[in-house]
Amino acid sequence: MLQLVWFKRDIRLFDHQAIHHAVATGEKVLFMYIAEPSIWQAGDLAKRHLTFMQQSLEDIQQSLRKIGGELYVAIGEMESILDDIYKMYGAFRMHSHYEHGIQPTFDRDLRVKRWMHEHTCLWTEYADFPVVRGKNAPRRRDFLKEWIKEPILAIPRQVFSLSTVPNELTNDLTILESLQVPGEEKAIDIRGGEKEGIAYAKRFFEEKYMRYNIDMNKPYVAPSSSSIISPYLTWGNISLKSLMRAVQKHMKHLKQTANPSEYDFLFEQLKSFQARLEWRSSFVQTVENFPMMHIRSLDSRFEGIRHQNPELLNAYIKGETGFPFLDACMRSLQQTGWINFKQRAMLATFGCNVLLLDWRVVGKVLAHAFTDYDPGIHWKQMQLQSGIDPKHHIPMHNVIKQGKENDPKGEFIKLYIPELRHLDDTNIHEPWSLEINPYITPIIDLKQSMDDHKKLLYGIKKNGHASE
Ligand SMILES: Cc1cc2nc3c(=O)[nH]c(=O)nc-3n(C[C@H](O)[C@H](O)[C@H](O)COP(=O)(O)OP(=O)(O)OC[C@H]3O[C@@H](n4cnc5c(N)ncnc54)[C@H](O)[C@@H]3O)c2cc1C
């Protein structure tokens with residue numbers, strides 16, 4: 001019987017359960033990626049993601065060819081592609097990972113499940129992440145303990161490929177470029193692919209991690225000490241399990257080799273990275289449990305209080321709000337496709353709580369810009385940062401204070417706002433205090449907006465309505 005490997009957000013060959021189980025049958029395997037308009041045009045994905053996906057697919061296509069395989073792609077809805085495969089080959093077995101996404105992927109998986117059932121085909125899904133599903137699922141913590149012990153799977157030495165496939169499928173990956181998705185085709189620094197992902201991980205363990213905690217909040221130096229592994233985890237170019245096991249291995253190695261005076265410090269850096277890898281799945285779990293996280297507020301009392309303001313939104317997107325540190329962060333993100341956590345939180349809270357724009361709109365702007373956009377993490381973070389998660393406080397970062405703390409000399413600002421390069425660190429964060437402001441006039445009165453909106457949001461949180 002034909003075995004089908006359906007790639008989704010798991011574009012790699014190493015430690016890939018679906019590939020392992022399909023190849024282990026000894027049958028012919030069809031490897032495919034389907035670019036579904038219902039997913040790619042749902043609104044949260046952008047050209048940047050499609051480019052990263054295409055690069056990732058090119059990489060595994062090369063690797064598959066070396067072991068006798070071929071990767072096919074198509075643009076279309078899954079059920080229609082499955083129809084074509086069924087017409088040519090009859091019943092087949094499909095292997096894929098569990099996708100933990102928002103409603104469009106959740107609904108698509110239900111449709112595919114129905115199709116498979118109606119055609120008496122078997123679909124096996126494998127857990128790529130320590131995230132649980134279903135009423136009778138074990139507790140996530142217990143599942144994690146077992147999941148992390150599972151064997152890491154090698155790339156198969158040889159696979160048996162098909163000689164003919166339905167016309168709808170092609171091995172010409174450039175067809176993906178014809179799919180209409182929002183956003184401009186901008187060159188960004190981060191390139192997709194399994195080999196790239198492995199190189200990022202290697203660089204982190206060899207050199208970058210040593211200043212991980214110290215630099216993570218400072219955007220000028222964060223790229224040299226953060227892993228920037230997020231796009232590779234998001235698109236599955238690297239397996240989370242193998243990365244978590246690599247952290248354990250490096251911790252052991254450190255114990256054996258580090259100078260005792262440095263050991264505690266270096267161990268702390270790895271521990272902090274390890275904790276974040278674990279947080280990742282707890283965030284994804286919340287979206288698995290509530291796939292409407294991108295649309296519905298966890299606390300509905302906050303619905304309807306935020307406004308649409310195209311002018312403010314446009315200035316925010318372009319990094320032209322008049323607040324140098326905030327603008328530098330947005331411009332950097334738009335150009336490079338990545339920014340560190342602290343500044344993501346600042347960008348989100350400024351858009352949602354200071355400008356009081358709809359958190360879904362701000363969330364989409366940031367999703368389009370983050371190469372690592374992962375619905376599982378992103379929408380939960382957006383709800384947290386906009387203060388509508390009932391279990392948390394309402395964050396309201398002061399963008400001037402943040403700039404002074406995390407970019408005291410204005411080096412990051414100067415990198416992205418050349419017109420401020422001549423200013424010294426006393427003026428660069430508040431250029432409007434100079435006799436002639438060499439920069440854009442701020443689009444809002446920061447203190448006033450923060451005070452007003454704090455009152456409004458906390459009023460709702462405490463009393464269900466705004467305070468007088
Ligand atoms: C508003 C907002 C939106 C975000 N959206 C995304 C997103 O779409 N995709 C995404 O991968 N991360 C998102 N994050 C979390 C975090 O900012 C990024 O994971 C991190 O900055 C990526 O850089 P890194 O790979 O160098 O991280 P590192 O610091 O090296 O951490 C290693 C890995 O741990 C995970 N991780 C780190 N921090 C967090 C966190 N706070 N929450 C959950 N997982 C974490 C990521 O997978 C990351 O790659 C968001 C944060 C905020 C505030």
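Values reported hereafter were calculated over all heavy atoms of this structure, with side chains retained and with hydrogens, waters and symmetry mates removed. If you read the sequence from its start, that first residue is 1, and numbering goes on from there. Order of appearance sets the numbers: ligands from 1, and atoms from 1 within every ligand.
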Undergrad: Among all the protein's non-hydrogen atoms, which is closest to atom 23 (O) of ligand 1, and how far away is it?
TA: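 Ranking protein heavy atoms by distance from atom 23 (O) of ligand 1, first comes Trp338 NE1, 3.0 Å.
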
Undergrad: Within ligand 1, which atoms have a heavy atom of Tyr373 less than 4.0 Å away?
TA: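 It comes down to these atoms of ligand 1: 8 (O).
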
Undergrad: Counting heavy atoms not belonging to His392, are there more than 12 under 6.0 Å from its NE2?
TA: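 Above 12, so yes.
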
Undergrad: Counting each atom of ligand 1 from 1 as listed, which ones have a heavy atom of Phe273 under 4.0 Å away?
TA: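 Checking each atom against Phe273, I get 30 (O), 32 (C).
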
Undergrad: Tell me whether Tyr212 reaches ligand 1 (any heavy atom closer than 4.0 angstrom to a ligand atom).
TA: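 Yes.
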
Undergrad: How are the rings of His95 and Tyr126 set to each other: parallel, tilted or perpendicular (split at 30° and 60°)?
TA: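 It falls in the parallel class, under 30°.
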
Undergrad: Among protein heavy atoms, which lies nearest atom 10 (C) of ligand 1, and at what distance?
TA: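 Nearest neighbour among protein heavy atoms for atom 10 (C) of ligand 1, to 0.1 Å: Ile377 CD1, 3.5 Å.
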
Undergrad: Which ligand 1 atoms, with their elements, are less than 4.0 angstrom from a heavy-atom of Ile228?
TA: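 Once the distances to Ile228 are compared, the set is 24 (P), 25 (O), 26 (O).
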
Undergrad: Output yes when the distance from some N or O of ligand 1 to some N or O of His378 is under 3.5 Å, and no in every other case.
TA: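 Checking ligand 1 against His378, an N or O pair does fall under 3.5 Å apart.
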
Undergrad: Relative to the heavy atoms of Phe370, which atoms of ligand 1 are at a distance of less than 4.0 Å?
TA: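 Close to Phe370: 3 (C), 4 (C), 5 (N).
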
Undergrad: So between Arg344, Gln343, Gln381, whose heavy atom ends up nearest atom 6 (C) of ligand 1?
TA: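 The nearest heavy atom belongs to Arg344.
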
Undergrad: What verdict does the side-chain hydrogen bond (donor to acceptor under 3.5 Å, both in side chains) test give for Tyr439 and Asp327, after you've listed the backbone C-alpha separation in whole Å, the side-chain angles of each residue and the deciding distance to 0.1 Å?
TA: CA-CA 11 Å; Tyr439 192 48; Asp327 288 349; 2.6 Å; yes

Undergrad: Looking only at protein heavy atoms, identify the closest one to atom 39 (C) of ligand 1 and say how far it is in Å.
TA: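 Residue, atom and distance for the closest contact: Trp279 CE3, 4.0 Å.
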
Undergrad: Return the closest protein heavy atom for atom 30 (O) of ligand 1 as residue, atom name and distance.
TA: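 Among all protein heavy atoms, the one nearest atom 30 (O) of ligand 1 is Ser227 OG, 2.6 Å.
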
Undergrad: Which is it for Ser96 and Trp123 under the side-chain hydrogen bond (donor to acceptor under 3.5 Å, both in side chains) test, yes or no, and what are the steps along the way?
TA: CA-CA 8 Å; Ser96 78; Trp123 177 18; 3.0 Å; yes

Undergrad: Can an N or O of Phe283 be found at a distance shorter than 3.5 Å from an N or O of ligand 1?
TA: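 It does not: no N or O of Phe283 is found under 3.5 Å from an N or O of ligand 1.
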
Undergrad: Kindly confirm or rule out an N or O of Ile229 lying under 3.5 angstrom from an N or O of ligand 1.
TA: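 Between Ile229 and ligand 1, an N or O pair is found under 3.5 Å apart.
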
Undergrad: Is the shortest side-chain heavy-atom distance between Asp389 and Leu384 below 4.5 Å?
TA: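 Answer yes - side chains close enough.
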
Undergrad: Between Asp59 and Arg191, is there a salt bridge with N-O shorter than 4.0 Å?
TA: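 No salt bridge links Arg191 with Asp59.
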
Undergrad: Considering heavy atoms of the protein only, find what lies nearest to atom 19 (O) of ligand 1 and give residue, atom and distance to 0.1 Å.
TA: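 Going atom by atom, the protein heavy atom closest to atom 19 (O) of ligand 1 ends up being Ser230 CB, 4.2 Å.
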
Undergrad: Mark up the atoms of ligand 1 that fall under 4.0 Å of a heavy atom belonging to Leu233, in ascending order.
TA: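 So the atoms of ligand 1 that pass are 47 (O), 49 (O).
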
Undergrad: What do you reckon, does Asp374 have a nitrogen or oxygen under 3.5 Å from a nitrogen or oxygen of ligand 1?
TA: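 It does: an N or O of Asp374 is found under 3.5 Å from an N or O of ligand 1.
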
Undergrad: Tell me if a side-chain donor or acceptor on Gln383 pairs with a main-chain N or O of Arg296 at a distance below 3.5 Å.
TA: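 Yes, because the side chain of Gln383 sits within donor-acceptor range (under 3.5 Å) of the backbone of Arg296.
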
Undergrad: So do the side chains of Phe143 and Phe129 get within less than 4.5 Å of each other, counting heavy atoms only?
TA: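 When only atoms from C-beta onward are counted, Phe129 and Phe143 do not touch, as no gap falls below 4.5 Å.
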
Undergrad: Determine, for Lys401 against Glu405, whether the closest basic-nitrogen to carboxylate-oxygen distance falls under 4.0 angstrom.
TA: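 Glu405 and Lys401: salt-bridged.
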
Undergrad: From atom 36 (N) of ligand 1, work out which of Arg276, Lys342, Lys380, Met382 has a heavy atom at the shortest distance.
TA: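 Residue with the shortest heavy-atom distance to the ligand atom: Arg276.
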
Undergrad: Who's the nearest protein heavy-atom neighbour of atom 47 (O) of ligand 1, and how far?
TA: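 Going by distance alone, atom 47 (O) of ligand 1 is nearest to Arg280 NE, 2.9 Å.
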
Undergrad: Give the atoms of ligand 1, by number and element, whose distance to some non-hydrogen atom of Ser226 is under 4.0 Å.
TA: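 Numbered from 1, ligand 1 contributes 26 (O).
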
Undergrad: Any side-chain heavy atom of Ile60 within less than 4.5 Å of one from Phe7?
TA: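 In short, these two side chains touch, coming nearer than 4.5 Å.
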
Undergrad: Is NZ or CZ of Arg203 both nearer than 6.0 Å to the six-membered ring centre of Tyr200 and within 45° of the ring axis?
TA: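 Yes, a cation-pi geometry holds between Arg203 and Tyr200.
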
Undergrad: What residue and heavy atom of the protein are closest to atom 9 (N) of ligand 1, and at what distance?
TA: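 The closest one turns out to be Asp372 O, 2.9 Å.
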
Undergrad: So that I can tick it off, tell me whether Lys447 and Asp451 are bridged by a salt bridge, with the cut-off set at under 4.0 angstrom between side-chain N and carboxylate O.
TA: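 Looking at Asp451 and Lys447, the cut-off is met.
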
Undergrad: Any idea which protein heavy atom is nearest atom 21 (O) of ligand 1, and the distance to it?
TA: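 For atom 21 (O) of ligand 1, the nearest protein heavy atom is Phe341 N, 3.5 Å.
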
Undergrad: Check the orientation of Tyr316 and Phe350. Use parallel for under 30°, tilted for 30 to 60°, and perpendicular for over 60°.
TA: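 Rings of Tyr316 and Phe350: parallel, as their planes differ by under 30°.
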
